[in-house]
Protein chains: 2
Amino acid sequence: MDLVRSTIERYVPLKEHEWERVRVCWKELLFPKGEFISRVGDVEHFFYIVRGGVQRLFFEHDGTSICLGFSYDHSWSGDYESFLQQKPGRLNVQAITDTALVGIDHADLIALYDEVPAMDRFGRLILEELLVGRATREIEQIALTAEERYRKLVQRSPHLLQLVPQKDIASYLRMTPETFSRLRAKV
Amino acid sequence: MDLVRSTIERYVPLKEHEWERVRVCWKELLFPKGEFISRVGDVEHFFYIVRGGVQRLFFEHDGTSICLGFSYDHSWSGDYESFLQQKPGRLNVQAITDTALVGIDHADLIALYDEVPAMDRFGRLILEELLVGRATREIEQIALTAEERYRKLVQRSPHLLQLVPQKDIASYLRMTPETFSRLRAKV
DNA sequence: AAAGGCGGTTGATCTGGATCAAGAACGGAT
DNA sequence: ATCCGTTCTTGATCCAGATCAACCGCCTTT
């Protein structure tokens, strides 16, 4: 549970009694490679911190998977959109490698928000991060060509190329696997 | 200032003394049509609630404006990305019509977060809304064709077509003004 | 070790929407 | 009113990247 504490304390300090209250809400969960963590149409009950492994966030469209993002190491995971609204989600989350997550149930988090004020702030701060990340990505999707998006990824997240199948990265970069492969050969 | 109070209280209740503390932080601001509210490269100092008028959020790329969104009536305005990070922004915000905003300075908001716990929650809740909105838009941008995106806008926000120039809507829908015009004639 | 099946490569062809071009219609300023 | 700069429209052409297709690994499964 140290992972949870240190993760939260990267954003807000917790007094000892607050941490005692918070810690009991988190559960360790394991997903073998290939398993689904969340599915389209289901309400996402958990918000996750990633202990280990890589996950992809995607949806199906016209028979192909479209990948919206990856999560790994100390980042967040799950279908936030469904989690936040507690409505059936539009996204799948799948373990690309064997995965260990630490999750908190929505009802527990809501209770924490009421009982531990620091958690409200924690929630605000991670949402700020998520929003800034999305905004950056949106601008890049619009302003860059396929080749520029490829180059940027290689330079920013070279480890991803090792961790996940090329077809997923291709889809994440909004191009076909063929285009991705050609860029690889060329650049 | 009733606008500010009722806007905040759509998310969290405020005790009378909290509201007294909050109210003094907000300033009324007027922008004539065409004026810039925020500019690329500047740090956004304000977070705004829109009292009236329409604004567009955009950036320049290869000599053309790319519109990322509009704000009006009781929605939010400003370059959140820059505001949240207090770093030079990548976006312009411009008044499309005469505009009245109510804004709060970043330093004041940070102080409120510390002094009025309800404000932390308010911040969290509007960020949740913004994030869900972005996610929805992202999926639609990917999964829909130009024509489908046009149809969806017409059905969801017909008023926009009256309020803002077609070229801005076209860019917001990720197409050229020519394509937009042709869809208009056809659909 | 044979047989699928998926992932990746490479080539040929196609296409949605962009770009280029040239008027027409609509303000706003004087 | 009339002039000038936008915005919008309509037509012709173009192109980045998609699609279609064939093949080659490399794992699994049996």
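For the numbers below, each heavy atom of this structure counts, side chains included, while hydrogens, waters and symmetry mates do not. A note on names: the letters A, B, ... follow the listed sequences, proteins ahead of strands, and every chain is numbered from 1. The structure presented is a predicted model; accordingly, all values stated were derived computationally and were not measured.
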Just the rounded figure in Å: distance from [atom2] of [N] to [atom1] of [X].
| X | N | atom1 | atom2 | value |
| --- | --- | --- | --- | --- |
| A:Phe180 | C:dT9 | CZ | P | 8 Å |
| B:Lys167 | D:dT9 | NZ | P | 14 Å |
| A:Met175 | D:dT19 | CE | P | 14 Å |
| B:Gln141 | C:dG17 | CD | P | 12 Å |
| B:Ile169 | D:dT7 | CD1 | P | 13 Å |
| B:Ile96 | D:dT7 | CD1 | P | 11 Å |
| A:Tyr150 | D:dG17 | OH | P | 15 Å |
| B:Leu144 | C:dG17 | CG | P | 11 Å |

Determine, for [X] against [Y], whether the closest basic-nitrogen to carboxylate-oxygen distance falls under 4.0 angstrom.
| X | Y | result |
| --- | --- | --- |
| A:Asp114 | B:Arg121 | yes |
| A:Arg174 | B:Glu138 | yes |
| B:Arg10 | B:Glu129 | no |
| B:Glu128 | B:Arg124 | yes |

Short heteroatom pairs, N/O only, protein and nucleotides 20-28 of chain D, under 3.5 Å:
{"residue": "D:dC20", "atom": "N4", "partner": "A:Glu178", "partner atom": "OE2", "Å": "3.2"}

**Request:** Would you verify whether the NZ or CZ of A:Arg56 falls within 45 degrees of the ring axis of A:Tyr172 while also being under 6.0 Å from that six-membered ring's centre?
**Result:**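 Here A:Arg56 fails the 6.0 Å and 45° test against A:Tyr172.
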**Asked** Do the rings of A:Phe122 and A:Tyr11 sit parallel, tilted or perpendicular, given the 30° and 60° boundaries?
**Response** perpendicular
Looking at [options], which one has an atom nearest to any side-chain atom of [X]?
| X | options | value |
| --- | --- | --- |
| B:Thr179 | C:dA18, D:dT10, C:dG8 | C:dA18 |
| A:Arg184 | D:dA18, C:dG17, C:dG8 | C:dG8 |
| B:Thr145 | C:dT9, D:dT9, C:dG17 | C:dG17 |

**Request:** Using modelled atom types only, decide if a donor and an acceptor are shared between the side chain of A:Ser82 and the backbone of A:Lys87 within a distance under 3.5 Å.
**Result:**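 Flag set: sc A:Ser82 to bb A:Lys87 pair under 3.5 Å.
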**Prompt:** If an axis is fit to five pairs at each end of the helix from C:dA1-D:dT30 to C:dT30-D:dA1, what is the angle between the two, to the nearest 10°?
**Reply:**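 Roughly 50° between the end axes, to the nearest 10°.
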**Request:** Decide yes or no for B:Phe47 and B:Ile126: does some side-chain heavy atom of the first lie under 4.5 Å from some side-chain heavy atom of the second?
**Result:** yes
**Prompt:** Is any side-chain heavy atom of A:Ser77 less than 4.5 Å from a side-chain heavy atom of A:Val93?
**Reply:** yes
**Asked** B:Pro165 near the nucleic acid: base, sugar-phosphate alone, or nothing, with a heavy-atom cut-off under 4.0 Å?
**Response**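 Here B:Pro165 touches the backbone only, sparing every base.
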**Item:** Contact under 4.0 Å: A:Thr176 side-chain N or O vs D:dA18 OP1/OP2
**Value:**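 Yes, within the criterion.
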